[in-house]
Q: 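I am attaching a structure below and will ask some questions about it afterwards.
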Amino acid sequence: MSEHRRLVVVGSGPAGLTAAIYTARAQLEPLVIEGEPSSTSDQPGGQLMLTTEVENFPGFVDGVMGPELMAAFRGQAQRFGAELRTAKVTKVDFTERPFRLWVAGDHGGEPDVTADAVIVATGAQSIMLGLPNESRLLGYGVSTCATCDGFFFRGKDIAVVGGGDSALEEALFLTKFADSVTIIHRRGELRASKVMQQRAFANPKIAFRWNAVVVDVEGESNVTGVTVRDVATGEESSLPLSGLFVAIGHAPNTAVFAGQLELRDNGYVRTFDGTRTSVEGVFACGDVQDDVYRQAITAAGSGCQAAIDAERWLEASHETA
Ligand code: NAP
């Protein structure tokens with residue numbers, strides 16, 4: 001037997017939990033399908049679970065630890081009656097109402113949950129290099145967000161991996177804090193736009209390590225360096241550093257919605273007029289539809305918008321039903 005809900009939120013980062021707080025306060029008794037830990041870069045609570053100190057979330061004068069902030073979001077959502085379920089949505093059918101969601105196992109059978117409205121907030125993941133010590137030291141010198149963590153590298157020597165616009169943008173931003181920023185790129189030319197390249201080449205704090213791949217991250221409790229392999233010669237060398245920013249792209253968590261929601265060419269959910277998606281009654285917020293700002297506060301803000309959009313849509317569709 002499927003369980004029916006007026007509103008289901010899929011995802012439990014700042015966007016999903018803000019949507020849960022607002023819809024719970026609107027007495028919609030939301031069910032939050034929060035995800036399941038499946039890898040170091042994919043777990044309930046989203047990307048803030050992978051960060052240490054967050055200093056730019058308004059309201060915390062002295063900063064707050066990422067996991068602590070997410071625990072507060074959860075507690076606040078639960079206080080107003082949101083139900084959080086640790087499960088991963090593995091299939092959806094948005095072709096008819098009520099919408100149907102499966103959380104595991106047998107997709108041939110009845111859906112586990114049906115919903116009048118759905119808020120998609122499954123976020124995005126930074127693409128990582130896939131090195132064991134990279135995940136171990138994530139938050140301890142390895143970072144995927146210069147805006148979030150740059151401040152901690154004041155006066156330090158650091159590196160950025162990648163050759164696209166993100167890598168150069170991160171590197172340029174990081175020169176405000178670091179003494180030196182080495183861009184480690186696997187080829188001999190950058191993918192980034194010409195204007196970004198010009199800016200990076202003109203910056204005296206930025207150096208380049210061409211045709212090089214990071215094969216290990218060094219350090220016990222904090223990053224002390226990286227091992228770099230020259231792709232032409234195969235020679236490996238150690239580069240002493242206090243921080244490594246991985247900027248080789250982001251991937252939205254939209255695989256489960258392919259064929260159900262309109263996605264943009266880069267895989268992010270396409271939204272129209274606020275948080276509406278291509279399916280009436282399904283809303284999207286946070287990083288799953290935002291490849292530009294990608295901040296906890298912007299995700300939370302769009303979670304609030306999605307909640308209000310969903311609430312108004314439910315009210316209007318109820319009146320006309
Ligand atoms: P991207 O353009 O896909 O670049 C990824 C970079 O990482 C590439 O240089 C790639 O190398 C490298 N890379 C990928 N996998 C790697 C691996 N396993 N090991 C080492 N290096 C690896 O991604 P992005 O920079 O995040 O940008 C995404 C999109 O957003 C782009 O369209 C970009 O223009 C846009 N964007 C724009 C701005 C801006 O205009 N201010 C800022 C950020 C992003 P190769 O070059 O060898 O493939």
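Just follow the structure's listing: the first ligand is 1, and inside any ligand the first atom is 1.
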Q: Any donor-acceptor pair under 3.5 Å linking the side chain of Glu3 with the backbone of Asp112?
A: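 No.
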
Q: Can you tell me if Glu134 uses its side chain to pair, donor with acceptor, with the backbone of Gly130 under 3.5 Å?
A: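 Flag set: sc Glu134 to bb Gly130 pair under 3.5 Å.
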
Q: On the ring face of Phe177, is Arg154 found with NZ or CZ under 6.0 Å from the centre and within 45° of the axis?
A: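 No, Arg154 does not lie over the aromatic ring of Phe177.
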
Q: Are the side chain of Asn211 and the backbone of Gly188 linked by a donor-acceptor contact shorter than 3.5 Å?
A: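 Between the backbone of Gly188 and the side chain of Asn211 there is a qualifying donor-acceptor contact (under 3.5 Å).
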
Q: Under 6.0 Å from the CZ atom of Phe201, do we count more than 12 heavy atoms belonging to anything else shown?
A: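 Enclosed: over 12 neighbouring heavy atoms sit under 6.0 Å from CZ of Phe201.
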
Q: Are the side chain of Arg136 and the backbone N or O of Glu220 linked by a donor-acceptor pair below 3.5 Å?
A: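 Yes; judged by distance alone, with no hydrogens or angles, the pair exists.
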
Q: Could you pull out every protein residue that has a heavy atom closer than 4.0 Å to ligand 1, ordered by chain and then number?
A: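 Under the 4.0 Å cut-off, ligand 1 touches Leu129, Gly162, Gly163, Gly164, Asp165, Ser166, Glu169, His185, Arg186, Arg187, Arg191, Ile248, Gly249.
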
